[in-house]
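Everything below concerns the one structure shown next.
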Amino acid sequence: MPSETVPILEAALAEWGIALTPVQRQQFADYADLLVEWNATKLNLTRLVSDSGIAIGHFLDSLAVTRATEIGAKARLVDLGTGAGFPGLPIKILRPDLRLTLVEGTAKKLRFCQTVVNQCKITEVELIHGRAEDLCNEPGIRGSFDIATARAVAPMVKLLPWAVPFLKRKGIFVAWKGPAAAEEMQHAADVAARLHQSCRIVPVTLPLSGEPPRTDNFILCQREE
Ligand code: SAH
């Protein structure tokens with residue numbers, strides 16, 4: 001049976017007025033196939049392996065950031081703790097103009113990402129094996145990115161000190177959070193103040209994500225003016 005992943009993704013994206021090109025459709029299809037294949041034979045990458053699980057829970061969930069903030073043309077984006085490439089690789093497939101860096105502490109997961117990049121012919125992706133807190137102050141990395149992302153990696157108290165050093169002065173850090181976003185942000189208020197970050201929460205509801213629908217709470221942080 002052919003995979004329904006891409007048709008489901010396209011139906012959901014249509015609700016946001018986004019249409020995929022044939023190249024993007026193929027890239028998402030190949031990515032989904034690789035995820036299922038590696039997950040079954042090589043490496044535990046995800047619990048979500050159904051067509052809708054991948055389409056909505058991984059691809060659409062990653063792309064939901066485009067509803068929460070604008071990402072400028074040719075922006076440099078770093079995805080911290082990317083795991084199997086989320087949210088960095090789906091964003092890069094949707095926005096090939098971006099320059100993407102994936103940071104991941106587990107080498108095997110990064111090998112999966114490299115396979116996706118090669119087989120889906122995704123260009124301008126840099127993969128870095130290491131821990132965000134060690135890499136963030138390295139020359140050539142510190143202060144280099146327009147946007148940093150993190151989904152399901154750590155609480156904000158930890159993420160903020162890891163992510164902020166990656167950013168340019170006007171850069172923005174985006175964390176994917178669920179219902180506990182406000183509470184988590186409260187716990188991180190002191191850290192945010194120390195780093196001169198002003199943070200706000202932007203909810204985005206995912207189409208075709210079930211009943212009741214799923215809502216992502218994005219925490220967006222930027223340097224105070
Ligand atoms: N962002 C992916 C993976 C989430 S699981 C997704 O949403 O599906 C968390 C991942 O972050 C794991 O792969 C783990 O190896 C990685 N990770 C955790 N702490 C890290 C750190 N300090 N630096 C780099 N990677 C980290």
Side-chain angles (χ1 to χ4, degrees), residues 5 9 28 31-32 34-40 42-66 68 77-94 98 100-117 120 122 125-138 140-142 144-145 147-167 173-181 184 188 191 195 204 206 209 214-220:
T5 301
L9 176 63
F28 278 117
Y31 190 175
L34 283 167
L35 191 62
V36 171
E37 182 195 320
W38 274 60
N39 208 54
K42 294 197 167 95
L43 188 61
N44 188 12
L45 290 164
T46 178
R47 285 176 297 109
L48 301 179
V49 285
S50 67
D51 292 340
S52 68
I54 295 175
I56 304 296
H58 287 315
F59 293 163
L60 188 74
D61 189 58
S62 297
L63 301 177
V65 67
T66 61
L77 186 152
V78 62
D79 186 26
L80 307 174
T82 193
F86 304 120
L89 287 174
I91 296 171
K92 171 70 183 168
I93 291 175
L94 187 72
L98 303 178
L100 175 67
T101 298
L102 300 177
V103 167
E104 170 54 47
T106 303
K108 280 187 287 188
K109 293 187 180 178
L110 217 51
R111 275 205 291 282
F112 171 76
C113 293
Q114 184 68 63
T115 304
V116 174
V117 166
C120 301
I122 304 172
V125 183
E126 177 187 34
L127 297 97
I128 307 182
H129 176 220
R131 298 196 64 79
E133 60 272 42
D134 301 331
L135 293 163
C136 65
N137 285 312
E138 282 192 13
I141 290 182
R142 188 182 173 86
S144 300
F145 293 89
I147 174 160
T149 55
R151 187 185 84 154
V153 177
M156 287 303 281
V157 270
K158 283 193 176 176
L159 279 176
L160 270 169
W162 298 349
V164 168
F166 282 88
L167 296 173
F173 170 52
V174 186
W176 274 237
K177 296 291 174 185
E184 213 183 293
V191 179
L195 294 165
V204 175
L206 304 188
S209 60
R214 165 170 168 178
T215 296
D216 283 343
N217 283 318
F218 288 99
I219 303 183
L220 288 90

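Ligands are counted one by one from 1 in listed order, and the atoms in each one are counted from 1 as well.
- Proximity of a side-chain donor or acceptor of K92 to a complementary backbone N or O of L98 within less than 3.5 Å is detected.
- Atoms of ligand 1 found under 4.0 Å from any heavy atom of G105, numbered from 1 in the order shown, are 24 (C), 25 (N).
- Nearest protein heavy-atom contact of atom 16 (C) of ligand 1 is E104 OE1, 3.4 Å.
- Of all heavy-atom pairs between S62 and F86, the closest is OG-CD2, 3.8 Å.
- Side-chain contact between T5 and F59: present, with at least one pair of heavy atoms (C-beta onward) separated by less than 4.5 Å.
- Heavy-atom separations between W162 and ligand 1 include at least one value shorter than 4.0 Å.
- In the vicinity of T106, heavy-atom distances shorter than 4.0 Å reach the ligand 1 atoms 15 (O).
- Taking each heavy atom of F218 and V65 in turn, the nearest pair found is CZ-N, 3.5 Å.
- The two residues K177 and M156 have their closest heavy-atom pair at CE-SD, 4.1 Å.
- The backbone of T82, and not its side chain, has at least one atom closer than 4.0 Å to an atom of ligand 1 (non-hydrogen atoms only; backbone = N, CA, C, O).
- For ligand 1, the atoms lying closer than 4.0 Å to a non-hydrogen atom of K109 are 12 (C), 13 (O).
- I91 is not listed as a side-chain neighbour of L100, based on a closest heavy-atom distance of 4.5 Å or more.
- In terms of N/O distances under 3.5 Å, ligand 1 is approached by A132.
- The shortest separation from a heavy atom of A152 to ligand 1 is under 4.0 Å, placing the residue in contact.
- The F86 neighbourhood of ligand 1 comprises atoms 1 (N), 2 (C), 6 (C), 7 (O), 8 (O), with distances under 4.0 Å to a heavy atom of that residue.
- Scanning the protein for heavy atoms near atom 17 (N) of ligand 1, the closest one is G81 CA, 4.1 Å.
- K108 NZ: 12 or fewer foreign heavy atoms inside a 6.0 Å radius.
- Proximity to R151 (heavy-atom distance under 4.0 Å) selects the following atoms of ligand 1: 1 (N), 2 (C), 4 (C), 6 (C), 7 (O), 8 (O).
- Per-residue contacts place R131 under 4.0 angstrom from the following atoms of ligand 1 (heavy atoms of the residue considered): 19 (N), 20 (C), 21 (C), 22 (N), 23 (N), 24 (C).
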Assess the residue pair L43 and R111 against the criterion (side-chain contact (heavy atoms from CB on, under 4.5 Å)); give the C-alpha distance rounded to whole Å, side-chain angles, the decisive distance to 0.1 Å, and a yes or no.
CA-CA 10 Å; L43 188 61; R111 275 205 291 282; over 6 Å; no
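- Counting the atoms of ligand 1 from 1 in the order shown, those under 4.0 Å from a heavy atom of G130 are 23 (N), 24 (C).
- Among protein heavy atoms, atom 18 (C) of ligand 1 sits closest to V153 CG1, 3.9 Å.
- Scanning both residues, L48 and G57, for their nearest heavy atoms gives CD1-CA, 3.8 Å.
- The nearest pair of heavy atoms linking A181 to N217 is CB-CB, 3.6 Å.
- Remark: minimum distance from atom 22 (N) of ligand 1 to any protein heavy atom is reached at E133 OE1, 2.7 Å.
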